[in-house]
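Contents: one structure, followed by commentary.
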Amino acid sequence: MRMARTLRTAILSGAAIVCALVGSVALVAQQETRPVKLEVDLREAPRRIYHAKMVFPVKPGPLTLLYPKWIPGEHAPNGPIVDVTGVKFFANGSEVRWRRNTVDLYAFECEVPAGAETLEATLDYLLPQEAGTAGVPSASAQLAVLPWNLVAFYPQDTKSDEVKFSAKLRIPAGWKFATALPVTKESNDGIEFETVSLTTLVDSPVLAGAYMKTYDLSPGQRPAHWLHTAADSAAMAEALPEQITMWRQLVAETGALFGARHYRHYDFLLALTEHLVPNGLEHHESSDNRVQERTLHDADIFETQMDLLSHEFFHSWNGKYRRPAGLQTPNFQEPMRSDMLWVYEGLTQYYGVILAARSGGWKPEGLREYLASTAAYLNDRPGRTWRNLEDTATSAQILYGGRSEGNSWRRSVDYYDESTLIWLDADTLIREKTGGKKSLDDFCRAFHGGQSGDPKVVPYTVDDVLTALNGITPYDWRKFLLERVRSHGPGAPLDGVARSGWKLKFNDTINEHQKSVEAAEHIVDTEYSLGFFVHYPGGDNADEIAEAVKGSPAEKAGLTAGMKLVAVNGRKWSPDVLREAIREAKRSSNPIELLVENDEFYQTVKIDWHEGERYPHLEKLAGAADVLGEILKAKAPAVK
Ligand SMILES: [Zn+2]
């Protein structure tokens, strides 16, 4: 998964049950191979309702059907059970009453009547229109994403690799669709898919919409790579030629990096709409990417999503093929252990960024601005004094849903951005110790490469990671990594920035990446001067203080998230008025006065700050080689 950077809150098939009763082996095996027939109807997706009907092969007696709870890649028990409605079971032509388990609300229990060989189950999934405590929006008036876990039950005490599903899908008239799931038949009656395991089904979402485009990202090559866009308008579904060139280079760069691919074909699904929440979710053979409608045609928004596709694509190797043992679970009810997300998400974050540069998306100066903004905020926040990076990973399941307010003290899912610094540290260290002969690329090739072929999972432990690193360069990698993920500071791990030939510096010129984030997300970020974020007037959360960084001049002066900014130095506030006041204060000994609204009360917050605007950049270390520049160079021949 890749979180939106908003405020930096930013498959064992057919294995038979071992049975001592020789005579019944054939019967058990026969039942195991009978697939669940699943029919999903998206024709009311614009009204935010998905209909599903399942037919389960059953035997008479007690039966419990489960709704998926722990969703791969989401690292949390967040299957949106609250919006599962219309649940009815039928057998032998009659309704079968169910009862919910009183402890596990994801479990529906019933008694299959005598003589029944199948049980039919129905459900209607009600899609939220806004992100809330349960589920996320997945459809707009013009497009829909179908993660199959939203509309499927499966029998208790089964492995998702072993339960087979034959799915059929109906979409609104005139809509197109794309998915990595192999299609066997397409007609006016619907789309029929190959029978696959429940694991593969959930791993293969569908993107459908009125306005869709498909681009070939590896023409004439096998395996094939496709980009499928769906937008709320035809124009916004069109990618620019330079974007296609960049993503073709991305495919080539992963070939040069890993030397192997663990999928039969790869489908980037890209939904462009204001009505879903920006996000990316990785799968073995596809990725479910959701961005703002104008992303492909607005340079600022595109800048904030520069590493989205490279991040999700890298996950096919790191997270899907190779996966921490604690995240490889037999089904969707078994809890996941996420303490190694600093590898799963962290290494992916690092390479998502690096590959976006190697593919030509970020020029070196652009990537340096991105890296400076990441290093600076992590270095600035005091949350690490009580919570180390590893705990942000262990706590992933509660932090994904956390508010942005208070993040400077709570910390958020920092194992993404901070691991960028840690893996840069490791990469530059390997380069230094081997005189530039080896790099973290060699680790990726050794650890994530292997043989090309169909999707499979090869789990790993932290010891496996250490062994593989030692295979590249002998070093005390345990100490190196554990010191960093368990550190309480002070400050972020910046050794890699220095070893790459650069250092963090501040001046009064706005950071280019920050400038794009501010424009795309309608916020002003004064983190390194006054120390707060505020939403633009007029839009969503107008005038609201999104965060007052703990320990900053603004926070010390009494500003806190949730207050509304009214005026600056007696004048109605605007982004320009605020910035001008910060610049003016350099020439004055008077404090900057913010008039703020706290509930229905007004108060003045006086901030004694006279150092002007401050923004982070990377400055070349005198006499040092530009190792970062080497890391960013394309490793594959330029595609045409
Ligand atoms: Zn991710």
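Each ligand, and each atom within it, is numbered from 1 in the order the structure gives.
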Please determine if Arg368 forms a cation-pi arrangement with Tyr370, meaning its NZ or CZ atom is less than 6.0 Å from the six-membered ring centre and no more than 45° off the ring axis.
no
Excluding waters, which are neither shown nor counted, protein N/O/S atoms under 2.8 Å from the Zn ion (ligand 1) come to 5
What pairs with [X] under side-chain hydrogen bond (donor to acceptor under 3.5 Å, both in side chains), at least two apart in sequence or on another chain?
X	answer
Thr329	none
His448	Asn318
Asn289	Ser287

Query raised in the report: Is the shortest distance from a Lys or Arg side-chain nitrogen in Asp441 or Arg445 to a carboxylate oxygen in the other one below 4.0 Å?
Result: no
Per side-chain contact (heavy atoms from CB on, under 4.5 Å), Val485 is matched among Ile422, Asp339, Asp391 by Ile422
